[in-house]
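Taking it in order: structure first as structure tokens, then the write-up.
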Protein chains: 2
Amino acid sequence: MVRIRTRDEILRVAGELFTRYGFKGTSLHDIAAEVGCSKATLLYHFAHKDAILLALVEPARQSLIDLVARLAGVDDKGIRVAAIEGFIDLVLRYRREVALIYDVTPQFLQEPRFAAMRELTEALRAGFAGRSADPADHIAAEVLLGGIAAVVIDDKRDEVELRPALVAVARRALIPGKD
Amino acid sequence: MVRIRTRDEILRVAGELFTRYGFKGTSLHDIAAEVGCSKATLLYHFAHKDAILLALVEPARQSLIDLVARLAGVDDKGIRVAAIEGFIDLVLRYRREVALIYDVTPQFLQEPRFAAMRELTEALRAGFAGRSADPADHIAAEVLLGGIAAVVIDDKRDEVELRPALVAVARRALIPGKD
DNA sequence: GTCTATATTCGGATAGAC
DNA sequence: GTCTATCCGAATATAGAC
């Protein structure tokens with residue numbers, strides 16, 4: 001039972017170090033030292049360094065897939081509110097993972113498993129824009145998508161304080177006549 | 001006259017490569033090969049790799065200092081519009097430099113010359129929030145600041161199309177009753 | 001000012017014993 | 001499953017000739 005615990009411990013430590021020093025700023029040596037094992041042990045549990053990060057962000061990626069699938073079933077009238085609240089809930093739940101993904105972008109967008117991420121964020125963007133074809137709505141959606149992500153990464157406030165403020169600013173910016 | 005041209009050429013090439021492959025993704029070898037000189041020549045003109053990037057973003061940094069100084073003289077009534085338009089004009093003018101700064105953040109925020117950048121963006125943030133003390137206004141300002149930066153970095157549209165859309169979404173989001 | 005050659009450090013990854 | 005030892009490549013930076 002020590003076996004499985006080592007793997008979990010690697011993920012825990014790597015998550016902390018990647019968050020604090022960035023992915024490139026954290027070496028296998030750093031992780032091994034903190035875990036109290038050798039680099040070889042790291043690479044017994046994970047094929048390579050990238051695989052550690054992939055494992056860390058996998059739950060967030062799955063949640064994004066679920067959200068996009070759910071939005072596909074929402075009609076045009078409710079799409080903006082559903083996309084805004086769904087996205088904000090998602091990034092607040094996975095703040096650390098969002099920070100990690102932004103840290104390694106765009107390098108990881110070439111990873112096969114992350115190539116599909118483009119389509120996912122594009123679907124989300126369309127939801128923010130209320131499925132409008134107007135470029136101005138498209139741009140506004142991008143501003144909010146990027147801005148909300150930036151805030152959950154940098155801001156130290158907790159989600160209880162952030163959530164209503166984020167929802168409010170997104171609604172003002174994206175839904176006409178709602179302020 | 002070849003002397004000064006080599007330095008300029010290094011900056012030109014480094015700007016391209018940093019933009020395309022990122023700062024860490026570009027080695028001195030890469031730059032030297034593209035310029036057609038040796039790594040040693042690079043380090044004759046610049047003390048180290050970081051100095052090349054600092055030189056590239058210096059004009060943008062100066063413009064930000066100027067903008068913040070200008071905003072200090074604007075009264076509360078006009079501060080939000082002045083901050084919004086000033087910031088958007090700035091980042092549209094220095095799109096490449098903004099992308100570079102975001103690429104190397106937060107590592108470079110520890111650089112002495114860039115430590116002051118925190119105060120600068122904080123002043124800008126206060127302007128976006130209309131100098132309000134309400135945390136919700138603070139958060140909304142952060143969303144717009146980060147979102148606008150994200151768009152000028154990623155979006156391929158030209159500034160003629162981006163500028164009015166960015167100003168419009170920022171005004172809707174930040175200035176009550178103006179949509 | 002520019003070069004070649006090299007020092008040095010560091011990082012990811014592998015081999016093979018236990 | 002975990003270790004020690006080691007390899008290999010990459011990258012920044014320096015030394016010294018021209």
Side-chain angles (χ1 to χ4, degrees), chain A residues 1-57 100 103-114, chain B residues 1-57 100 103-114:
Chain A
M1 54 188 68
V2 175
R3 301 108 221 190
I4 184 76
R5 238 200 310 200
T6 299
R7 199 193 130 99
D8 288 349
E9 185 67 2
I10 291 168
L11 283 178
R12 191 186 65 75
V13 168
E16 281 180 15
L17 297 183
F18 288 165
T19 298
R20 195 158 356 153
Y21 305 109
F23 180 71
K24 286 198 180 177
T26 304
S27 69
L28 293 182
H29 172 89
D30 297 334
I31 300 170
E34 181 78 12
V35 170
C37 72
S38 69
K39 284 190 286 180
T41 296
L42 259 43
L43 295 164
Y44 167 80
H45 290 283
F46 298 93
H48 36 248
K49 191 187 176 189
D50 291 3
I52 301 177
L53 188 132
L54 269 300
L56 280 170
V57 300
L100 287 181
D103 178 41
V104 297
T105 304
Q107 297 91 319
F108 268 60
L109 282 181
Q110 295 159 342
E111 278 272 340
R113 212 192 297 177
F114 271 72
Chain B
M1 54 187 69
V2 174
R3 299 109 222 189
I4 183 75
R5 238 200 309 201
T6 298
R7 199 192 131 98
D8 288 349
E9 184 68 2
I10 290 168
L11 284 177
R12 192 185 65 75
V13 168
E16 281 181 14
L17 297 183
F18 288 165
T19 299
R20 195 157 356 151
Y21 305 108
F23 180 72
K24 287 199 180 178
T26 303
S27 69
L28 293 183
H29 172 87
D30 297 336
I31 300 170
E34 182 78 13
V35 170
C37 71
S38 71
K39 285 188 283 181
T41 297
L42 259 44
L43 295 164
Y44 168 80
H45 289 283
F46 298 93
H48 36 248
K49 190 188 176 189
D50 292 3
I52 301 177
L53 188 132
L54 268 300
L56 280 170
V57 300
L100 288 180
D103 178 40
V104 297
T105 303
Q107 297 91 319
F108 268 61
L109 282 182
Q110 294 159 342
E111 278 272 340
R113 211 192 298 177
F114 271 72

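Worth knowing before you read on, the calculation uses all heavy atoms, side chains too, and leaves out hydrogens, waters and symmetry mates. Every chain is numbered from 1, with letters handed out A, B, ... down the list of sequences.
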Does [X] have a side-chain nitrogen or oxygen under 4.0 Å from the phosphate oxygens OP1 or OP2 of [N]?
{"X": "Tyr44(A)", "N": "dG1(D)", "answer": "yes"}
{"X": "Ser38(A)", "N": "dC3(D)", "answer": "yes"}
{"X": "Thr6(B)", "N": "dT2(C)", "answer": "yes"}

Interatomic distance where [atom1] belongs to [X] and [atom2] belongs to [N] [whole Å]:
{"X": "Tyr21(A)", "N": "dG11(C)", "atom1": "OH", "atom2": "C1'", "value": "18 Å"}
{"X": "Arg7(A)", "N": "dT2(D)", "atom1": "CZ", "atom2": "C1'", "value": "16 Å"}
{"X": "Glu9(A)", "N": "dG1(D)", "atom1": "CD", "atom2": "P", "value": "16 Å"}
{"X": "Phe46(B)", "N": "dG1(C)", "atom1": "CZ", "atom2": "C1'", "value": "14 Å"}

Do you know which two heavy atoms are closest between Val104(A) and Leu53(A), and how far apart they sit? CG1-CD1, 3.9 Å

So which heavy atom on Leu42(A) is nearest to which on Leu28(A), and how close?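 The pair with the smallest heavy-atom distance is CD2-O, 3.4 Å.
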
Would you call [X] and [Y] a side-chain contact if the rule is heavy atoms closer than 4.5 Å?
{"X": "Thr41(B)", "Y": "His45(B)", "value": "yes"}
{"X": "Phe18(B)", "Y": "Asp103(B)", "value": "no"}
{"X": "Glu34(A)", "Y": "Asp30(A)", "value": "no"}
{"X": "Tyr44(A)", "Y": "Thr6(A)", "value": "no"}

Nucleotides 12-15 of chain C: which of its N/O atoms have a protein N/O under 3.5 Å away?
| unit_1 | atom_1 | unit_2 | atom_2 | d |
| --- | --- | --- | --- | --- |
| dG12(C) | OP1 | Lys49(A) | NZ | 2.7 |
| dG12(C) | OP2 | Leu28(A) | N | 2.6 |
| dG12(C) | N7 | Lys39(A) | NZ | 3.4 |
| dG12(C) | O6 | Lys39(A) | NZ | 3.3 |
| dA13(C) | OP2 | Lys49(A) | N | 3.1 |
| dA13(C) | N6 | Lys39(A) | NZ | 3.4 |

